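In what follows, a single structure is set out as structure tokens and then discussed.
Being a predicted model, the structure only gives us computed values, none of them experimental.
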Amino acid sequence: MMGMAGVEEQLLVVLYLFAIAGAVGLVASRYPRLQYTTGLLVAGLLVSLVGSPVDVELTSEFILLALLPALIFNDAVTIDVDAFRENLLPILALAVVGLLVSIAIIAAAGVTVYGFTLAVALLFGAIIMPTDPVSILAVFEEIGVPERLAVLVEGESLLNDGVSIVVYSTVLAIIVEAESQGVAVADIVSPRVFLVDVTVGIFVALVGGALVGAAVGYVAHELIVLVDDELTAVVISVLVAYGVYLFLDLLGSSGVIGTLTAGVFLASRPGRKGVSPETRFTVEAIWGYAAFVANTLLFVALGIVTPFDLIVEYGLEIVGAIVLVFVARAVVIYPLVGLLNRWIDSPLSVSYQHVLAWSGIHASTSIALVLGVSEAFTRPLEEQLSALVFGVAAFTLLVNGTTMSALIDRVGISKQRPPQRLYQALVGQRYGVDAALETATHLHDDDRLSTSSFEAVTTVYRRQRRALEAAIESLLDRHPSVREHEERLAQHRILVAEYQAIRDAMQRGDIGSDVGERLLADVQVELDRVLTEVWSVEEPLPPQFDPYWRRQLAKAGVSLDDDTDSRGDDTNDSGSDTTRYTASTDDEGAEIDRSDE
């Protein structure tokens, strides 16, 4: 990272960067609306403008090999694994298909607008299009957004980093080989061979990286269970994060995908049984600190090394690059998500698509990749690429990052009101209390906690849980909108479970695919209704909605004598649920009465 020789000089640079970050932290604490990462970048830019007294040099290897594994592994062990798994299809589509299409768009524009050769234009696309979610996720945490949206942005960014590095490495290797032989790129590789190389590289990166990461994550989990020691678990996690990344990088596969998979697999082992809460907390906390330090160093250094002279020189070209990047992302996001909505259970709303399109911040990975091309190109081309990438990075960090809150407010996704935030705080604390009670029970059952201590501890937590339940009910009574949110969320989860149960029955062969598809279509209608503003507990379904199973009853001559809604629920005057089925048969209207106790 540093151009100075000697350990003392390197430590001086680190302390210098932390001193700047400390000053930013003090200012941010006084002005809460100032985002920490944005403040770091601005501080670095200001230092660069007035002249830095310390020589700071940022290298591609330092970003990719020292900082990136820490950032990826921290995201992996803290990401909502269930939400990540449920949204894996749209994440993969955006991170693989979407990225490749956007690279192709940038490449086509690079040839016509900037006069790049096709190989250089493809390299430019691979450098400029990977996204960096750090600033956006900071905004998400501050104002509160649905977990699904945060997982989509974070998951796409993590995976597209890996895919972009594969494309970048493939194209750069071809360019370097052509330069060494003194021939044009077209003379050593055909478009067909190039496409095959990229396709195979992405497949190896995704599949190979995932398999290696999963295997190492499994072994690491079992080792942590075996020792269940906090400090040893931290050491093992460091070996996993950096060991997997370096190993796959040396093999020519994707260290990003491997480290991501290892961390996700480590965090998603069924219930993570056998690992104490203290060990899990320590590992997650340490990696949170590591990611914070990595981001601090990265954003300050990015500001300091930004080449202002080149940005001024290539100002008009940078403006063109900014427009191209935004167009390429928008052209991919809206049509691709529109197509995905035909296949996924829970469609992504237009509001989500706006946020996804605007979340394209192109910073750390793009900077690292452009720093790695210095040896492959002549100085004018190297300077041009550096100016374009640094310019786009600075613009997206300063503009997209600072305006995301306003966009989310405008499209109405979140901007949570105080009652909603209070509800989340109460529910979150209830989860914590439940986990504490469960842990205390396990310790007592394993004879690691005496009965007297168990009673003393659990009495406090049970009292707290009763207080939380009372507070939640009071909040729901006072704020109907919060209750509606809870009911909508519960209904959505119930319908997803219903949908999955029908799918499972189809896979087992209990019901035919033709019948199953019709039943699934009915559930999808209800899911769509839950996602709209017209849904309510009293009227959860569209008017005149007639589900498939009711139509089949009518065809069989069976009528339902009830006063229910379209889901068939009925409550009689006495409060018991009763449904009466009358079949028109030859047995003079045989009648069946079924009462649910």
Side-chain angles (χ1 to χ4, degrees), residues 77-83 86 140-148 150-151 228 230 267-285 288 414-498 530 535-538 540 569 571 574-577 596-597:
V77 297
T78 57
I79 199 170
D80 186 327
V81 177
D82 291 333
E86 291 170 2
F140 286 178
E141 291 177 3
E142 178 184 342
I143 65 176
V145 299
E147 183 68 24
R148 186 187 191 194
V151 167
D228 198 16
E230 299 171 32
S268 66
R269 294 287 297 144
R272 291 188 283 187
K273 297 186 181 300
V275 180
S276 67
E278 296 85 359
T279 299
R280 294 201 302 268
F281 174 80
T282 300
V283 171
E284 292 176 1
S414 184
K415 206 66 177 180
Q416 295 178 341
R417 296 180 294 275
Q420 294 172 316
R421 297 182 68 84
L422 176 57
Y423 172 76
Q424 288 192 0
L426 294 173
V427 171
Q429 183 60 30
R430 186 177 62 183
Y431 285 142
V433 169
D434 288 342
L437 288 169
E438 182 182 357
T439 300
T441 302
H442 288 322
L443 292 173
H444 181 255
D445 292 343
D446 294 341
D447 294 327
R448 291 192 288 168
L449 185 65
S450 66
T451 300
S452 59
S453 297
F454 172 75
E455 292 296 336
V457 170
T458 55
T459 296
V460 174
Y461 277 105
R462 290 194 187 101
R463 186 184 305 122
Q464 186 177 358
R465 197 184 195 287
R466 289 193 297 270
L468 287 168
E469 286 289 350
I472 290 172
E473 286 302 321
S474 175
L475 181 66
L476 294 177
D477 290 339
R478 293 171 57 188
H479 299 280
S481 62
V482 179
R483 182 180 293 279
E484 181 183 353
H485 171 75
E486 182 188 54
E487 291 166 347
R488 186 191 297 268
L489 183 62
Q491 182 70 5
H492 182 268
R493 290 173 176 169
I494 291 168
L495 288 171
V496 169
E498 182 179 345
V530 169
W535 179 91
S536 68
V537 178
E538 295 77 13
D569 299 324
T571 304
S574 63
S576 63
D577 291 339
D596 296 327
E597 296 282 325

Separation between [atom1] of [X] and [atom2] of [Y], rounded to the nearest 0.5 Å:
| X | Y | atom1 | atom2 | answer |
| --- | --- | --- | --- | --- |
| H442 | D445 | NE2 | CG | 7.5 Å |
| T459 | Q464 | OG1 | CD | 13.0 Å |
| R148 | E86 | CZ | CD | 8.5 Å |
| E438 | L443 | CD | CG | 10.5 Å |
| T439 | R448 | OG1 | CZ | 9.5 Å |
| D434 | Q429 | CG | CD | 10.0 Å |

Next item on the list: Quick one: list whatever passes side chain to side chain donor-acceptor pair (under 3.5 Å) with S453, sequence neighbours left out.
Entry: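 Only S450 meet the side chain to side chain donor-acceptor pair (under 3.5 Å) criterion with S453.
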Check: Excluding sequence neighbours, so at least two apart, what forms side chain to side chain donor-acceptor pair (under 3.5 Å) with R430?
Finding: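 Counting only residues at least two positions away or on another chain, R430 forms a side chain to side chain donor-acceptor pair (under 3.5 Å) with E469.
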Next item on the list: Provide the closest heavy-atom pair for A440 versus L449 in the form atom of the first, atom of the second, distance.
Entry: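 The pair with the smallest heavy-atom distance is O-CD2, 4.0 Å.
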Next item on the list: Mind listing the closest non-hydrogen atom pair of E284 and V77 along with its distance?
Entry: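 For E284 and V77, the tightest heavy-atom pair comes out as OE2-O, 3.8 Å.
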Note to self: Can a donor-acceptor pair be found, under 3.5 Å and without considering hydrogens, that links the side chain of T441 to the backbone of L437?
What the structure shows: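 A pair under 3.5 Å: yes.
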Margin query: Once ring-ring contact (aromatic ring centres under 6.0 Å, His included) is applied, do any residues pair with F454, and if so which ones, sequence neighbours excluded?
Written below: H444
